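For ligands, and for the atoms within them, numbers begin at 1 and follow the listed sequence. Note that the structure is predicted; figures quoted are calculated from it, not measured.
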Amino acid sequence: MSGGETQEQRRAQDLRLRFQALHEIVHAAREKLNRNTWDYLIGGTETETTLKRNRASLDAVAFRPRVLRDMRKVDVGATVMGHKMRLPICLAPIGSLESFDDEGGVAAMRAASEFGCALMLSSVSTIPLEDVAKAGEGFKIAMLYKRGDDAFLDAYVERAVAAGYDAFCLTVDSANYSRRERDIANRFVKPWRTGGGADWQAALNWTDIERYKKRYDLPIVLKGIATKEDAHIAVEHGVDMVYVSNHGGRQLDHGLGAMQVLPEVVEAVAGRAAVAIDGGFSRGTDIVKAIAMGADLVGVGRMLCYGLAAGGSAGVVRMLELLEEETTLALGLLGATSYAGINPSMLTNAAPVDPPHVMSAFPLLRRRDHTY
Ligand SMILES: Cc1cc2nc3c(=O)[nH]c(=O)nc-3n(C[C@H](O)[C@H](O)[C@H](O)COP(=O)(O)O)c2cc1C
């Protein structure tokens with residue numbers, strides 16, 4: 001190594017050697033986190049059916065690759081809502097980032113900025129959104145759980161605008177907090193779930209969206225749309241991004257997998273808003289499937305946390321580098337030099353080869369001496 005390298009560059013190089021496949025990052029996160037935090041991270045609601053269906057819905061899509069198209073240069077970059085990105089990935093909002101790395105949102109923002117992807121910051125965060133914004137440049141979205149009256153929401157939006165956030169997000173799949181049975185069984189009481197105000201979130205309805213659009217120019221994202229009907233209403237309300245999500249299987253149990261919902265939402269939105277999706281996305285092929293199906297942006301929740309736990313902000317960058325490499329290879333092997341060359345005709349249905357599980361994207365983990 002040359003003497004001119006900074007400490008960060010050396011750390012990045014170390015992590016490139018240490019983590020050569022995504023499952024190695026997941027494994028390192030498992031080693032680092034205690035049982036309660038691990039179960040909180042990977043778990044879902046009750047039977048975890050929605051959680052498993054997220055993976056099942058991705059694994060039920062197969063590719064129809066095209067060949068002989070000169071694949072020497074493949075570009076996996078994208079522009080989403082006017083923001084140029086190295087990969088169309090959004091680090092999804094996580095209401096407890098500090099439990100995976102002390103620097104929480106600051107580390108995530110630094111990683112998003114260094115790599116070139118978006119960050120959506122949860123309001124359930126001990127580090128103020130202003131401090132997170134200062135940690136890096138780039139596409140950032142402030143996500144709020146409404147815990148007070150309209151003045152509470154206005155104050156948060158105004159802080160987000162002042163701090164330079166590019167959009168505001170309401171998470172709309174959380175009228176109440178679900179029963180996460182891993183946490184219940186562990187008697188795990190989340191230290192960050194303090195204070196009241198949950199009724200304000202439960203009371204959210206379309207008049208709040210109307211009110212927001214009248215008051216603010218800052219683009220709004222609705223996260224947690226799971227039907228074409230709500231996608232239609234969202235677009236009618238002028239919502240700028242419709243975000244298909246079931247909260248990583250952590251809210252309503254027995255829903256459909258997110259990828260299964262995507263086609264009807266893309267059709268309902270019909271290009272009038274950006275479309276984002278999350279839920280089980282773990283591989284480059286997963287990203288390619290969603291973009292081919294019409295999504296603009298893919299959220300990663302647990303993958304962000306694995307990266308953070310495994311190596312702080314450099315761990316997240318390494319996770320993104322591996323996703324980028326996989327995406328580049330997948331796109332090239334599918335026969336497209338950019339996302340402009342892929343569409344639903346390159347996808348078809350197929351039976352998954354493995355039983356779905358929160359870890360089924362990483363079959364090599366099974367060889368390890370751990371329960372996941
Ligand atoms: C530990 C954890 C905390 C989360 N906290 C929030 C949150 O505060 N706000 C929110 O909108 N979604 C939250 N989510 C959901 C994620 O934003 C995202 O929708 C989900 O993790 C996507 O699925 P994936 O983990 O399979 O990528 C959380 C998810 C996890 C795993």
For ligand 1, find out whether one of its N or O atoms is nearer than 3.5 Å to an N or O atom of Ser122.
yes
Hey, any chance Val298 and Val317 share a hydrophobic cluster, counting ILVMFWY side chains that come within less than 4.5 Å of each other, even indirectly?
no
Atoms of ligand 1 less than 4.0 Å from Met143 heavy atoms?
9 (N), 10 (C), 11 (O)
Salt-bridged, Arg16 to Asp14, with N to O below 4.0 Å?
no
Is the shortest distance from a heavy atom of Met303 to ligand 1 less than 4.0 Å?
no
With only distance considered, is Tyr145 within less than 3.5 Å of ligand 1 through an N or O on each side?
yes
Gly312 and Asp101 have their tightest heavy-atom pair at CA-OD1, 3.4 Å
Heavy atom of Asn54, distance to ligand 1 below 4.0 Å
no
For Ile94 and ligand 1, does the shortest N/O to N/O distance drop below 3.5 Å?
no
Is any side-chain heavy atom of Met71 closer than 4.5 Å to one of Thr337?
yes
Would you mind listing which atoms of ligand 1 come within a distance below 4.0 Å of any non-hydrogen atom of Ser245?
19 (O)
If you look at every heavy atom in Leu304 and Ala92, which pair is closest and at what distance?
CD2-O, 3.6 Å
When rounded to the nearest 0.5 angstrom, what distance separates CG in Leu297 from CD1 in Ile277?
10.5 Å
Structural part of Arg250 in contact with ligand 1, heavy atom criterion under 4.0 angstrom
side chain
Between Thr171 and ligand 1, which part of the residue brings a heavy atom under 4.0 Å of the ligand: side chain, backbone, both or neither?
side chain
Can you report which non-hydrogen protein atom sits closest to atom 15 (C) of ligand 1, along with the distance?
His247 CD2, 3.5 Å
Report the nearest protein non-hydrogen atom to atom 26 (O) of ligand 1: residue, atom name, distance rounded to 0.1 Å.
Gly280 N, 2.8 Å
Test: Arg180 and Glu46 ion pair at under 4.0 Å:
no
The protein heavy atom nearest to atom 24 (P) of ligand 1 is Arg302 NH1, 3.5 Å
Could you list which atoms of ligand 1 come closer than 4.0 Å to a heavy atom of Tyr40?
1 (C), 2 (C), 3 (C)
Once you restrict to heavy atoms under 4.0 Å, what part of Pro93 touches ligand 1? Side chain, backbone, both or neither.
both
In this structure, atom 21 (O) of ligand 1 is nearest to the protein heavy atom Gly301 CA, 3.5 Å
Of all protein heavy atoms, the one nearest atom 23 (O) of ligand 1 is Gly248 CA, 3.4 Å
Flag the pair Arg215 / Glu210 as yes when at least one side-chain heavy-atom distance between them is below 4.5 Å, and no otherwise.
no
Looking at every heavy atom in both Val316 and Leu308, which two are closest together, and how far apart are they?
CG2-N, 3.6 Å
In the protein, which heavy atom is nearest to atom 12 (N) of ligand 1, and how far is it?
Lys223 NZ, 3.0 Å
Short N-O contact, Lys146 and Asp150, less than 4.0 angstrom
yes
Just need the protein heavy atom nearest to atom 19 (O) of ligand 1, so name the residue and atom and give the distance.
Asp278 OD2, 2.7 Å
Is the terminal nitrogen or CZ of Arg35 (NZ for Lys, CZ for Arg) located under 6.0 angstrom from the six-membered ring centre of Tyr40 and within 45° of that ring's axis?
no
Under 3.5 Å, N or O to N or O, is Gly95 touching ligand 1 that way?
yes
Charged N to carboxylate O under 4.0 angstrom, Glu8 versus Arg11?
no
Mind checking whether Cys305 has a heavy atom under 4.0 Å from ligand 1?
no
